[in-house]
Amino acid sequence: MDRTVCVVGLGKIGLPLAVQCAASGRRVLGVDTAPLVVRQVNDGEPPFPGEPELAERLKRAVTEGRLTAGGDTAAAVAAASVVLVAVPLLTAPDHSPDFTLLDAATDAVAAGLRRGTLVSYETTLPVGTTRGRVAERLAAGSGLRPGADFGLVFSPERVSSGRVFADLRCYPKLVGGIDERSTRQGAEFYRSVLSFDPRPDLPRPNGVWTLASAEAAEFAKLAETTYRDVNIGLANQFARYADRIGVDFAEVAEACNSQPYSHLHRPGVAVGGHCIPVYPRLYLWGDPSATVVRAAREANLAMPAHAVDRLAAVLDLTDRPVLVLGAAYRGGVRETACSGVFPLVDALWAAGARPYVADPLYRAEELTALGLPPHRGEPVSAAIVQTDHEEYRTLGAEQLPGVRVLLDGRRITDPERWAGVHRIVLGGGGGS
């Protein structure tokens, strides 16, 4: 039991984490509520594509008998000395946190919890959730006292799809517990399963960084992700102003960022993914007076409609076929969570256009299943680049004959390949 780790939730964060723990020499019991995921993991096959190193590392861990998956959380927890929880925390239609999945996972962990176990939550949580909601449910379901009978820490995942293992090595692992003993226990565990790249740019050595409390660790994760949303919101407003005055914002940002006190982000047609559009909502739930955060979120949400307005200003969209290039929220990542493709398509319908969607990572039937109208080669009058896929760097007008207007929402296309087409870049100062 002493070296067994239970990972609850074998998604894009939990499974790489389980594999990482197995590679450190630990025995790992993975748990997931989806039978197909359990079967695929036990076969050594990643349930999702596109994560470098995962396939070979998973196969090795399973073949060597260090990683097995199952569906019984309580039984796996009872056999482990460390429990890592990596289930998603979703938001409700009113943007408040929906704790349904997290509560269910916590209750299942409580049912198998034993004295001396360390429980670590990697799921991004509103400040106070670990010490309040989580600790109380674990105590109620196990009869054990948080801190006294079992350790409880919050240690946020700080990785991105497509580079999880690299990010695990690159960024300090933050750990904050409900008491000093829990924090110490959590830090010792993570030091035993993680290794870190040298980071001379950091104020202290890269590795496990302990924070004074679980609340500090929760706040750190929300602050670093909300910062990005706010910065992008500011960049988007700067870009809209740059278009009005005929100035290229990319040139302005490069000039500003030449000194260390400015770190302007890039504007874009949408902010997508599991993290950046969601975690500011979790922050606002705890701090509803944060007007800057709220304004940035609203500014970013307005960008898809703004892009369609820019398009409509130079081309009557009534009954026009318009192609949205990219369903994924980020280039090279096969994921549509909070992707800008959905509000873009909605805005095009509202403008009277006939939208189509294409993405090199998705088949036509998969787009249909997502509620998106797939492009099957129909001629189109305009196109909007929604995703910064590498393939779009070499895309040109000859591949979309009949296109009169291109709106590049990610500044990724080559203007020389679009000669004769009215090309609009958000923040570019005007069309060309």
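By convention here, the first residue in the shown sequence is residue 1.
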Worked check of side chain to side chain donor-acceptor pair (under 3.5 Å) between T336 and Y362: CA-CA 10 Å; T336 60; Y362 288 87; 4.6 Å; no

CG-CZ distance between L222 and R281, expressed to the nearest 0.5 angstrom: 13.5 Å

Polar contact flag, side-chain donor to acceptor under 3.5 angstrom, Y283-T225: no

Side-chain ion pair, R334 and E51, N-O less than 4.0 Å: no

Interatomic spacing from CZ in F189 to OG in S120 - rounded to 0.5 Å: 7.5 Å

Point-to-point distance, once rounded to the nearest 0.5 Å, from OG of S381 to CG of L400: 11.0 Å

Cationic N near anionic O, under 4.0 Å, K173 to E122: yes

Sidechain-backbone polar pair: S182 side chain, G151 backbone, donor-acceptor under 3.5 Å: no

Distance-only donor-acceptor check, side chains D98 and T91, under 3.5 Å: no

4.5 Å side-chain heavy-atom contact, V38 and Q40: no

S142 (side chain) donor-acceptor with A110 (main chain) under 3.5 angstrom: no

Donor-acceptor contact present, side-chain K221 to main-chain R158, <3.5 Å: no

Donor-acceptor under 3.5 Å (Q399 side chain, G396 main chain): yes

Minimum side-chain heavy-atom gap H422-I424 below 4.5 Å: yes

Under 3.5 Å: donor-acceptor pair, side chain of D388, backbone of I412: no

Spatial distance of atom CD (E335) from atom NE2 (H274) [nearest 0.5 Å]: 3.5 Å

Donor-acceptor pair between K12 and S161 side chains, under 3.5 angstrom: no

Any side-chain heavy-atom pair of T68 and V62 under 4.5 Å: no

Min side-chain heavy-atom separation L407-L426 under 4.5 Å: yes

Y279 side, atom OH; L89 side, atom CG - distance, nearest 0.5 Å: 8.0 Å

R39/E45 salt bridge by N-O under 4.0 Å criterion: no

Y392, OH: over 12 other non-hydrogen atoms inside 6.0 angstrom: yes

Note, Y329 side chain near T387 side chain (heavy atom, < 4.5 Å): no

Where C21 and V5 come nearest, the two heavy atoms and their spacing: SG-CG1, 4.3 Å

Candidate pair W209 and L202, rule side-chain contact (heavy atoms from CB on, under 4.5 Å), full reasoning: CA-CA 12 Å; W209 287 13; L202 296 176; 4.1 Å; yes

Greater than 12 external heavy atoms within 6.0 Å of R199's CZ: yes

A383 versus V403, closest heavy-atom pair with distance: N-CG1, 4.5 Å

Heavy-atom closest contact (C275 atom, E157 atom, distance): SG-OE2, 4.4 Å

Within-4.5 Å side-chain heavy-atom neighbours: E378 and L323: no

Worked verdict on V85 versus V109 for side-chain contact (heavy atoms from CB on, under 4.5 Å): CA-CA 9 Å; V85 181; V109 169; 4.3 Å; yes

T130 versus E218, side-chain donor and acceptor atoms under 3.5 Å: yes

Carboxylate-amine/guanidinium proximity below 4.0 Å for D229 and R297: yes

Salt bridge flag under 4.0 Å for residues R354 and D319: yes

Any side-chain heavy-atom pair of V153 and L118 under 4.5 Å: yes

E398 atom CD: more than 12 heavy-atom contacts under 6.0 Å: yes

Steps toward salt bridge (Lys or Arg N to Asp or Glu O under 4.0 Å) verdict (R310, D243): CA-CA 10 Å; R310 288 290 309 277; D243 286 337; 2.6 Å; yes

Validation row, ring centre H265 to ring centre F238 under 6.0 Å: no

N300 (side chain) donor-acceptor with A270 (main chain) under 3.5 angstrom: no

Donor-acceptor side-chain pairing of H263 and N257 below 3.5 angstrom: no

Taking every non-hydrogen atom, the tightest pair across L264 and L234: CD2-CD2, 4.3 Å

Pair D103 + R133, salt bridge at N-O below 4.0 Å: yes

L317 CG to W349 CH2 distance, which is reported to the nearest 0.5 Å: 12.5 Å

No-hydrogen, no-angle side-chain donor-acceptor test under 3.5 Å, Y121 and T129: no

Closest non-hydrogen atom pair, C338 against P277: CB-CG, 3.9 Å

Residues R240, M303; criterion side-chain contact (heavy atoms from CB on, under 4.5 Å); working and verdict: CA-CA 10 Å; R240 294 174 72 156; M303 288 305 290; 4.0 Å; yes

Check: A358 main-chain N/O paired with H375 side-chain donor or acceptor under 3.5 Å: no

Any donor-acceptor N/O pair, N42 side chain to A69 backbone, under 3.5 Å: yes

N-O pairing of E215 and R131 below 4.0 Å: yes

R57-Q20 side chain donor-acceptor pair, cut-off 3.5 Å: yes

Any donor-acceptor pair under 3.5 Å from R228 side chain to I276 backbone: no

Pair R423-T413, side-chain donor/acceptor within less than 3.5 Å: yes

L15, V28, V83 screened by side-chain contact (heavy atoms from CB on, under 4.5 Å) with V7, the one that passes: V28

Any D414 side-chain heavy atom under 4.5 Å of R393 side chain: no

Side-chain (T123) to main-chain (V87) donor-acceptor, under 3.5 angstrom: yes

Side-chain donor-acceptor pair present, R163, S160, cut-off under 3.5 Å: yes

Carboxylate-amine/guanidinium contact E56 K59, below 4.0 Å: no

Heavy-atom closest pair, residues V322 and A353: CG2-CB, 4.0 Å

Steps toward side-chain contact (heavy atoms from CB on, under 4.5 Å) verdict (L168, S195): CA-CA 8 Å; L168 282 173; S195 58; over 6 Å; no

